[in-house]
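Just so you know, these numbers come straight off a predicted model, no measurement behind them.
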Amino acid sequence: MKINENRDKTENYMAILKGKIEKITFYNETNGYTVLKLHEGSVVTGNLPKLNPGETIQFEGDWIFHEKFGKQLKCLSYSIVQPTGKEAVLKYLESGIIEGITKSVAMRIVDMFGEKSLEVLDKNLNVLEGIPKIKKEQIEKIKVSWEEQRTKRKFVLFLQQFDIPVYLANKIFGKYGDMAEFRVSENPYQLIWDVKGIGFKTADKIAFKLGFQEDFPERIKTGILYALESASNEGHIYLPFEELKKYCRKEVKFEIEEYLDHFNSLKENGHIIQIEDRIYLGELYYSERNIEKLLIQRIEYKAGKTEKIKVKSSKSNTLFSEKQLEAINLSTKSKILILTGGPGTGKTTTVQGIIQLFSGSKKKIALAAPTGRAAKRLTELTGKTAKTIHRLLEYDPSYNIFLINEDNQLEIDLLVIDEVSMVNQHLFESVLLGLPLNCTLILVGDKDQLPAIGPGNILNDLISSGKIPVIRLTEIFRQAQQSQIIMNSHRINCGEVPEISNSPDNDFFFIEVENASEIPPLIIDLLKRRLPAKYNFDPVSDIQIITPMYRGSSGVDELNREIQSQINTEDIIYSKNNRIYKKGDKVMQLANDYEKDIYNGDIGIAESYDNKNERLTVTFGSKNLTFTSSEMDNITLAYAATVHKSQGSEYPCVIMPVTSEHFIMLKRNLIYTAVTRAKKLLILIGTKNMLYRGIEQVDSSKRYTSLFLEDLNGKLVEN
């Protein structure tokens with residue numbers, strides 16, 4: 001890739017660069033920091049696994065200008081480009097897919113048989129006996145593995161022509177087995193739905209190389225569904241037709257109006273639903289209508305006399321404000337109640353009052369939250385055991401179903417769900433299905449935080465509907481008023497400038513730094529020296545770096561690399577696939593794993609790696625869990641995390657960069673969410689100008705939802 005010489009030398013910009021490695025100039029065994037040169041002359045730097053001269057690699061990263069060494073590509077991610085011919089065969093044999101074939105053995109095989117090595121071995125594995133320095137027991141191991149992998153090997157090589165990495169090829173084969181090549185050749189677009197990690201672009205690449213045309217019916221239908229699926233991942237339940245046209249143009253590169261026959265076919269078979277100008281995935285449309293039906297049933301439910309709970313007068317009532325008492329009383333009369341408010345307004349105290357009331361009447365109580373860390377926090381605040389919603393509803397990953405459902409409901413009288421702003425439509429529907437109508441449902445959340453990941457805007461929609469009783473707590477209690485974190489979070493939420501005095505006895509600090517590249521070393525100094533010395537914070541367990549984005553010098557990826565390098569002095573236990581782990585590394589689980597009972601956002605400590613069995617051991621609290629190579633895709637370093645990943649959690653100390661490189665993400669609700677993650681100390685680092693501009697930026701991105709916005713004829717109505 002040719003460098004754009006017209007760019008300003010101080011300007012960073014993204015690029016993709018592919019080339020063959022000529023020389024490894026520098027490699028740090030401790031942190032993987034690499035400086036290498038490609039044959040065409042470009043220099044690449046970054047934290048990488050050990051690469052070798054001669055390998056063809058595709059790098060993605062930022063072009064930067066180094067004052068001493070000139071232009072370099074600062075690598076953020078990479079992939080090995082599968083070579084063709086003799087090199088492709090050698091790479092395949094070296095990959096480890098055939099047990100018993102080491103790199104040296106692979107080289108001897110290819111030296112003897114060249115690019116026909118696989119063909120020769122397929123015909124007669126006994127030729128291995130003629131290759132020097134291969135032991136008899138090793139040959140037997142190769143023979144067994146070869147036969148087991150014959151079909152799989154053929155399929156992996158079949159996919160090499162499409163530049164599909166071996167790990168993805170293995171996933172596809174794991175899904176389809178011996179039918180893999182047939183299924184891919186028949187309809188490559190089905191891969192999008194069946195195999196995680198394959199999107200429309202990859203399916204398109206395979207399809208075109210297989211000879212499929214742009215107007216292949218399954219391509220168009222899948223493209224429309226994929227566009228709607230992509231929109232749902234951004235929170236939308238439906239798209240106006242004009243917006244769907246834009247999504248199709250952007251995501252799948254065709255004009256939907258040219259294929260209205262396929263669009264209508266999807267409507268006829270129920271895959272999509274059209275109501276006036278609104279286009280829904282069928283599943284999301286019916287899910288939203290079902291939520292409405294279940295909520296109306298709950299709202300209209302009339303409790304019998306035996307189910308009523310009387311509020312007894314007590315001296316403890318003086319501990320509650322008027323609004324809190326109203327919520328406690330309302331919990332005895334309504335089968336659904338929303339309790340909302342910012343930090344320090346007494347949501348937890350109110351919940352404790354409701355729990356005490358129901359406990360005094362011998363009622364069965366359950367507490368839940370959408371994430372493991374949020375459930376743990378709810379347990380700590382209330383003294384009652386809280387579960388994740390998935391665990392409460394007994395999710396069965398084998399069949400992707402909840403065992404608690406409309407036919408097997410919970411036997412409880414009160415369910416309190418915290419952090420409801422994080423609950424998406426799918427999960428909320430499952431809660432309603434698994435809850436009997438005579439059970440009181442208390443939904444607790446802060447509507448001004450970031451919305452849920454996934455489709456829907458449940459908390460805001462329910463509040464806006466006017467159909468659900470809502471108690472808004474607005475009074476900040478006296479004790480909370482002593483915290484600058486709490487007071488400034490309310491100012492930020494109101495669009496006001498926070499008070500920043502940097503007084504030694506405050507808990508809210510701002511460190512002015514103009515250049516984002518100066519932030520990582522400053523954070524390192526805070527972690528290693530200043531904060532442990534003054535506050536006795538442990539840099540791993542007590543301090544969390546929260547940042548808006550993954551990319552950039554103060555993004556998650558770069559900060560994790562720097563902190564790991566500078567803070568953790570333990571040995572490297574794992575270095576593969578552009579990933580490095582040391583003993584004692586702080587790591588985060590990125591997806592719910594119900595069999596292991598760990599959840600998205602849970603924090604653990606890396607302990608060891610078993611090279612023989614390829615297993616990483618991580619401690620999550622009191623649990624020692626092992627992760628296979630494929631499961632490690634769901635583990636990442638967690639010294640730094642995005643604001644979205646930290647939502648629902650609380651940390652003794654939070655450090656957050658506020659810089660221009662993250663301006664696109666710096667919105668009021670994101671800053672507000674980040675600030676409210678800090679319990680004892682908050683440090684913002686960057687420029688006050690960017691902080692103020694971010695507070696001014698209200699997130700104007702609309703989520704297209706229609707909960708309680710339709711009449712019986714499907715017409716939109718005003719609340």
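- Asp542 and Tyr535 share no donor-acceptor pair across their side chains, judged by distance under 3.5 Å alone.
- For CD of Glu380, the number of neighbouring non-hydrogen atoms (other residues, nucleotides, ligands) closer than 6.0 Å is greater than 12.
- By the neighbour-count criterion of 12 heavy atoms within 6.0 Å, atom NZ of Lys534 is densely surrounded, having more than that number from other residues, nucleotides or ligands.
- Judged purely by distance below 3.5 Å, without hydrogens or angles, the side chains of Lys586 and Asn560 never pair a donor atom with an acceptor atom.
- At least one side-chain heavy atom of Asp446 sits less than 4.5 Å from a side-chain heavy atom of Pro343.
- Because its NZ or CZ atom is both nearer than 6.0 Å to the ring centre of Tyr238 and within 45° of the ring axis, Arg278 counts as a cation-pi partner of that residue.
- Pairing each heavy atom of Gly555 with each of Glu661, the nearest pair is N-OE2, 4.2 Å.
- Side-chain N or O atoms of Gln484 include none that pairs as donor or acceptor with a backbone N or O of Asn502 at under 3.5 Å.
- In this structure, Ser334 contributes its side chain and Leu337 its backbone to no donor-acceptor pair below 3.5 Å.
- The number of heavy-atom neighbours closer than 6.0 Å to NZ of Lys679, taken from other residues, nucleotides and ligands shown, is 12 or below.
- With hydrogens and angles ignored, the 3.5 Å screen pairs no side-chain donor or acceptor of Asp413 with any backbone N or O of Cys439.
- In terms of modelled atom types and a separation under 3.5 Å, the side chain of Gln449 and the main chain of Gln647 share no donor-acceptor contact.
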Residue pair Asp448, Asn669: steps toward the side-chain hydrogen bond (donor to acceptor under 3.5 Å, both in side chains) verdict: CA-CA 6 Å; Asp448 296 316; Asn669 63 346; over 6 Å; no
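- The shortest distance between side-chain heavy atoms of Met588 and Ile635 does not fall below 4.5 Å.
- Side chains of Thr705 and Asn457: no donor on one and acceptor on the other come within 3.5 Å.
- Leu415 and Ala368 make their closest contact through CD1-CB, 4.3 Å (heavy atoms, listed as atom of the first residue, atom of the second, distance).
- Within 6.0 Å of the NZ atom in Lys347, the count of heavy atoms belonging to other residues, nucleotides or ligands exceeds 12.
- Put simply, the side chain of Leu666 does not reach to within 4.5 Å of the side chain of Thr659, judged on heavy atoms.
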Asn488 and Val675: CA distance, side-chain angles, deciding distance, side chain to side chain contact (heavy atoms under 4.5 Å, CB included) verdict: CA-CA 8 Å; Asn488 277 337; Val675 169; 5.5 Å; no
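- Scanning all heavy atoms of the two residues, the minimum distance from Gln425 to Gly456 falls at CB-CA, 4.4 Å.
- Between the side chains of Ser503 and Asn506, no donor N or O sits under 3.5 Å from an acceptor N or O.
- The neighbour count for Lys645 NZ, taken as heavy atoms of other residues, nucleotides or ligands under 6.0 Å away, is above 12.
- A salt bridge is absent between Arg551 and Asp557; no separation between the charged side-chain nitrogens and carboxylate oxygens falls under 4.0 Å.
- Atom CD1 of Ile453 and atom CD of Glu234 lie 12.5 Å apart (nearest 0.5 Å).
- Counting heavy atoms from C-beta outward, Gln481 and Phe477 have side chains that stay 4.5 Å or more apart.
- Side-chain atoms of Asp585 do not come within 3.5 Å of backbone N or O of Val587 as any donor-acceptor pair.
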Take Thr687 and Asn689, measure what side-chain hydrogen bond (donor to acceptor under 3.5 Å, both in side chains) needs, and give me the verdict at the end. CA-CA 5 Å; Thr687 64; Asn689 178 51; 5.2 Å; no
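- Ser483 places no side-chain N or O within donor-acceptor distance of the main-chain N or O of Ala480, the cut-off being under 3.5 Å.
- Between atom SG of residue Cys653 and atom CZ of residue Phe509 there is a gap of 10.0 Å, rounded to the nearest 0.5 Å.
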Applying side chain to side chain contact (heavy atoms under 4.5 Å, CB included) to Leu435 and Gln409, what does each step give before you reach the verdict? CA-CA 6 Å; Leu435 204 62; Gln409 295 184 321; 5.8 Å; no
Carefully, step by step, assess Asn600 and Thr371 under the rule side-chain hydrogen bond (donor to acceptor under 3.5 Å, both in side chains). CA-CA 6 Å; Asn600 190 352; Thr371 68; over 6 Å; no
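- For the side chain to side chain donor-acceptor pair (under 3.5 Å) test, no residue two or more places apart in sequence or in another chain qualifies with Asn634.
- Here the side chain of Thr340 pairs no donor or acceptor atom with the backbone of Arg472 at under 3.5 angstrom.
- Salt-bridge formation is not detected for the pair Glu696/Arg693: no Lys NZ or Arg NE/NH1/NH2 atom is positioned less than 4.0 Å from an Asp or Glu carboxylate oxygen.
- Tyr639 and Gly584 get closest at one heavy-atom pair: OH-O, 4.0 Å.
- Salt-bridge formation is detected for the pair Lys323/Glu326: a Lys NZ or Arg NE/NH1/NH2 atom is positioned less than 4.0 Å from an Asp or Glu carboxylate oxygen.
- A cation-pi arrangement, defined by a distance under 6.0 Å to the six-membered ring centre and an angle within 45 degrees of its axis, is absent between Lys335 and Tyr301.
- Applying side chain to side chain contact (heavy atoms under 4.5 Å, CB included) to Leu378 and the options Leu367, Val444, Thr385, Ile417 leaves one that passes, Leu367.
- Nearest heavy atoms, Ile546 versus Pro657: O-CD, 3.2 Å.
- Looking at Glu292, its side chain does come within 3.5 Å of a backbone N or O of Phe708 through a donor-acceptor pair.
- Atom OG1 of Thr676 sits about 6.0 Å away from atom OH of Tyr672, to the nearest 0.5 Å.
- Salt bridge status for Glu499 with Arg491: present, with a side-chain N to carboxylate O gap under 4.0 Å.
- Inter-residue side-chain proximity for Arg373 and Tyr651 is flagged as met; some heavy-atom pair is nearer than 4.5 Å.
- For the pair Val654 and Ile683, the minimum side-chain heavy-atom distance is 4.5 Å or more.
- The side-chain heavy atoms of Ile545 and Val556, taken from C-beta on, include no pair separated by under 4.5 Å.
- Considering all non-hydrogen atoms of both residues, Glu558 and Gly552 come closest at CB-O, 3.5 Å.
- In summary, the side chains of Ser706 and Glu288 do present a donor paired with an acceptor at a separation below 3.5 Å, with no hydrogens or angles considered.
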Before giving the answer on side chain to side chain contact (heavy atoms under 4.5 Å, CB included), spell out for Gln324 and Gln352 the whole-Å C-alpha distance, their side-chain angles and the decisive distance to 0.1 Å. CA-CA 10 Å; Gln324 288 176 314; Gln352 287 172 332; over 6 Å; no
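- For the pair Arg289 and Tyr285, the cation-pi criterion (under 6.0 Å, within 45° of the ring axis) is fulfilled.
- Within the structure, the ring pair (Phe, Tyr, Trp, His ring centres under 6.0 Å) test picks out the following pairs touching residues 366-393 (sequence neighbours left out): His390-Tyr395, His390-Phe402, His390-Tyr594.
- For Lys623 and Asp597, the salt-bridge test passes: some basic side-chain N is under 4.0 Å from an acidic carboxylate O.
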Go through the steps for Leu357 and Ile328 under the test side chain to side chain contact (heavy atoms under 4.5 Å, CB included), then give the verdict. CA-CA 8 Å; Leu357 182 63; Ile328 294 170; 3.8 Å; yes
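- In terms of modelled atom types and a separation under 3.5 Å, the side chain of Arg677 and the main chain of Ser649 share a donor-acceptor contact.
- At distances below 3.5 Å, at least one donor-acceptor pair connects side-chain atoms of Ser359 with backbone N or O atoms of Ile355.
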